[in-house]
Every structure is written in structure tokens, then in C-alpha cells.
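The structure appears below as C-alpha cells.
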Amino acid sequence: INLDVTSGGVFTATLNGNATITLRYPVATGASSFVLILTNDATPGRTVAFSGGTFKSPGGTVTRTTTANAIDIWFFFTPDGGTTYYASIPMANLS
């Protein structure tokens with residue numbers, strides 16, 4: 001899954017298999033943020049990886065909901081033009 005993070009502030013994606021989410025085209029310099037609404041399909045246990053920068057989260061990792069049909073809302077913030085992203089899930093296991 002490729003996200004062009006300069007094209008909007010809110011993205012949606014539904015997993016239909018294990019996925020790598022690649023953040024593309026960050027702002028050239030400075031800070032920016034975006035939201036990802038990630039929905040699981042009917043198969044539980046899908047895995048998600050991120051690429052396109054260094055990702056940091058509270059406690060070192062983000063625990064996402066892996067149950068079937070669950071929705072997590074992710075928040076990403078970069079202070080340095082996309083070199084480092086800080087990620088959290090402020091709303092998890094929505095259905």
C-alpha cells in the first residue's frame with residue numbers, strides 16, 4: 001500500500017492480506033501529520049509493516065487490533081520532513 005502523504009491528511013485502507021505500507025512523497029522540510037484509518041478484512045491476524053522513514057512509537061512499538069473487521073485509527077507526525085515518523089493509535093478496535 002503506497003500513501004502519497006502530500007495528497008491529503010486522512011487516508012483509508014482495508015487489509016486483504018499482509019501489507020507493507022510505504023509513505024511516499026513527504027513534505028520536503030518541516031513538520032506534517034496525517035491520519036490512517038486501517039480496517040481489517042474478515043481474516044484475523046494480518047500483519048502490517050511500515051516503510052519510507054524511521055518509525056517511533058510510545059514504548060517502542062504500536063500494538064494494533066488484529067481481529068476480523070476491526071478498525072484502528074493511526075496518527076503519524078514527522079518533525080523533520082519524513083525522516084522520522086512518530087506513530088500512535090489514539091482509537092483502536094472500533095467496529
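Numbers here simply count residues along the sequence, with the first being 1.
The salt bridge (charged side-chain N to carboxylate O under 4.0 Å, His left out) analysis of residues 31-51, with sequence neighbours excluded, yields the pairs Asp41-Arg46.
Scanning both residues, Pro90 and Ile73, for their nearest heavy atoms gives CD-O, 3.0 Å. Contact record, Asn40 with Thr67: ND2-O, 2.9 Å, taken as the closest heavy-atom pair.
In this structure, the side chain of Asp72 engages the main chain of Thr65 through a donor-acceptor pair within 3.5 Å. Under a 3.5 Å cut-off, the side chain of Thr78 and the backbone N or O of Thr84 do form a donor-acceptor pair. Checking side-chain atoms of Asn18 against main-chain N and O of Thr47 turns up a donor-acceptor pair under 3.5 Å.
Thr14 is not listed as a side-chain neighbour of Thr12, based on a closest heavy-atom distance of 4.5 Å or more. Counting only heavy atoms from C-beta outward, the side chains of Val62 and Phe55 never approach each other to under 4.5 Å. Looking at heavy atoms from C-beta onward, Leu38 lies in side-chain contact with Leu15 at the 4.5 angstrom threshold.
With sequence neighbours excluded, no residue forms a salt bridge (Lys or Arg N to Asp or Glu O under 4.0 Å) with Asp4.
Linking ILVMFWY side-chain heavy atoms closer than 4.5 Å, directly or via other members, places Val10 and Met91 in a single hydrophobic cluster.
Ring pair Tyr85/Phe50: centre-to-centre distance not below 6.0 Å.
The CZ atom of Phe75 sits 9.5 Å away from atom CZ of Phe34, with the distance rounded to the nearest 0.5 Å.
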